[in-house]
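Report on the structure given below.
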Amino acid sequence: MENFIYMDHAATTPVDPDVLKTMEPWFIENFGNPSTLYSQGIMAAQAVEEARGKVAGTLGAEPEEIYFTSGGTESNNWAVKGIAESQAKKGGHIICSTIEHHAVLEPVKYLEKKGHEITWLSVDENGLVDPEDVRKAVRPDTVLLSVMYANNEVGTVQPIAEIGRIAKEAEVLFHTDAVQAVGKLPLDVRELGVDLLSLSGHKFYGPKGVGALYMRKQVKATPLLHGGAQERRRRAGTSNVPGIVGLGRALELATERMERDALREQELRDVLWEGIQARVPDVHLNGHPSIRLPGALNFRVEGIEGEAMILCLDMNRVGVSSGSACTTGSLEASHVLLAMGIPADEAHGSLRISLGRSTTKEHIDHFLEAFPPIAERLRDMSPIYNK
Ligand SMILES: *Cc1c(COP(=O)(O)O)cnc(C)c1O
């Protein structure tokens with residue numbers, strides 16, 4: 001859409017033109033099935049292995065520790081359900097934070113219904129997990145700990161390396177949903193001490209429907225998908241060759257530009273937040289003031305519904321989210337904001353803005369012009385705002 005100001009990069013990102021170009025030959029020219037033995041298949045298999053090497057190299061992992069999946073949701077489901085099953089002899093206790101993405105929360109709740117015991121880790125008002133809480137939660141029958149790297153709603157970044165050290169000492173397998181962090185923050189699986197890590201292509205300018213799960217060599221999650229022998233017999237299904245090639249290239253590009261992109265986005269974001277605070281009274285930041293993703297800005301606007309703001313901003317050609325995109329439509333207050341102790345009515349009045357490569361200073365100026373009159377008009381009609 002021309003002239004549309006996209007400020008929702010945490011929901012998804014456009015495919016980088018360079019990434020698309022890298023993918024293109026793998027649709028029609030080199031369409032071979034990588035599991036076949038003739039040259040067409042071998043070529044496709046080599047492309048998949050090259051991408052695997054790139055992903056592994058970026059994460060500080062070995063290529064055989066990378067498994068391609070259909071995205072972040074599958075990687076998270078596999079980590080949670082697969083480890084619960086493969087570790088069943090050890091026990092059934094799982095530790096999980098309350099601010100996870102639904103793709104971790106729901107499989108964990110599913111296991112809870114099936115009889116697993118869950119310890120839910122709370123967060124402080126900035127959305128941070130306390131590593132000491134992890135230490136206290138560990139039991140002899142704990143089979144998995146899952147704490148996300150960076151939150152998709154408020155952007156808060158967790159002390160993963162510190163939690164990783166505790167997990168290692170306690171000999172508990174540690175999974176992190178790094179879908180929002182990969183391509184945005186420097187990340188090395190050995191330094192972090194994680195056993196499993198999820199990532200997704202479309203959050204770093206790669207295609208949708210392709211992701212990966214890093215699984216440390218000695219760790220074996222029971223497969224979710226049974227069938228062919230793909231992905232070293234751990235994940236059946238004909239490989240999504242163009243997607244995998246695109247993911248590899250996208251991660252390579254994101255890593256190259258990481259520092260530059262981060263600095264630029266953080267600067268624009270800070271200008272935006274200063275500007276909003278200067279123009280609109282009674283707005284409050286959600287999430288950690290500094291330990292947060294460079295492009296992430298989540299704030300609440302007293303007296304107004306997030307959905308009303310989204311619709312008005314859309315009429316002004318601006319795309320943002322309230323809470324998480326996944327809860328939009330269900331009108332439930334964001335579980336992340338509630339977990340941070342924000343009352344439900346204020347959580348409902350929150351906006352999530354996530355800047356990215358396409359964001360310019362002009363976009364920020366446009367927002368700062370469009371938003372204050374919207375907030376004022378909505379507040380005039382608000383039954384709960386009378387300042
Ligand atoms: C987007 C997202 C997911 C889901 O990834 P998909 O590839 O869309 O399935 C999981 N976790 C987090 C933190 C996300 O932001």
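Indexing begins at 1, ligand by ligand and atom by atom, following the structure's order.
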Is the NZ or CZ atom of R52 positioned over F68's six-membered ring, under 6.0 angstrom from the centre and within 45° of the axis?
-> no

Cationic tip of R379 within the cone over Y385's six-membered ring, i.e. under 6.0 Å and within 45° of the normal?
-> yes

Among all protein heavy atoms, pick out the one at the shortest distance from [atom]; state its residue, atom name and that distance to 0.1 Å.
atom: atom 13 (C) of ligand 1; answer: D177 OD2, 3.4 Å
atom: atom 8 (O) of ligand 1; answer: H202 NE2, 2.8 Å
atom: atom 7 (O) of ligand 1; answer: S200 OG, 2.6 Å
atom: atom 3 (C) of ligand 1; answer: H101 NE2, 3.5 Å
atom: atom 6 (P) of ligand 1; answer: G72 N, 3.5 Å

Under 4.0 Å from any heavy atom of [X], which atoms of ligand 1 are there?
X: N76; value: 10 (C), 11 (N)
X: G71; value: 7 (O)
X: M148; value: 13 (C)

From CA spacing to verdict: side chain to side chain contact (heavy atoms under 4.5 Å, CB included), L145, L173 = CA-CA 6 Å; L145 160 67; L173 292 179; over 6 Å; no

Determine whether the side chain, the backbone, both or neither of [X] has a heavy atom under 4.0 Å from any heavy atom of ligand 1.
X: K203; answer: side chain
X: T73; answer: both
X: K208; answer: neither
X: N151; answer: neither

Donor-acceptor pair, side chain of R264 and main chain of R357, under 3.5 angstrom | yes

Verify, without hydrogens or angle tests, whether T98 (side chain) and S122 (backbone) share a donor-acceptor contact under 3.5 angstrom.
-> no

Check: W26 ring centre within less than 6.0 Å of F31 ring centre = no

Between the NE2 atom in H175 and the CE atom in M148, the distance rounded to the nearest 0.5 Å is 10.0 Å

Report yes if the side chains of M7 and S354 come closer than 4.5 Å at any heavy-atom pair, otherwise no.
-> no

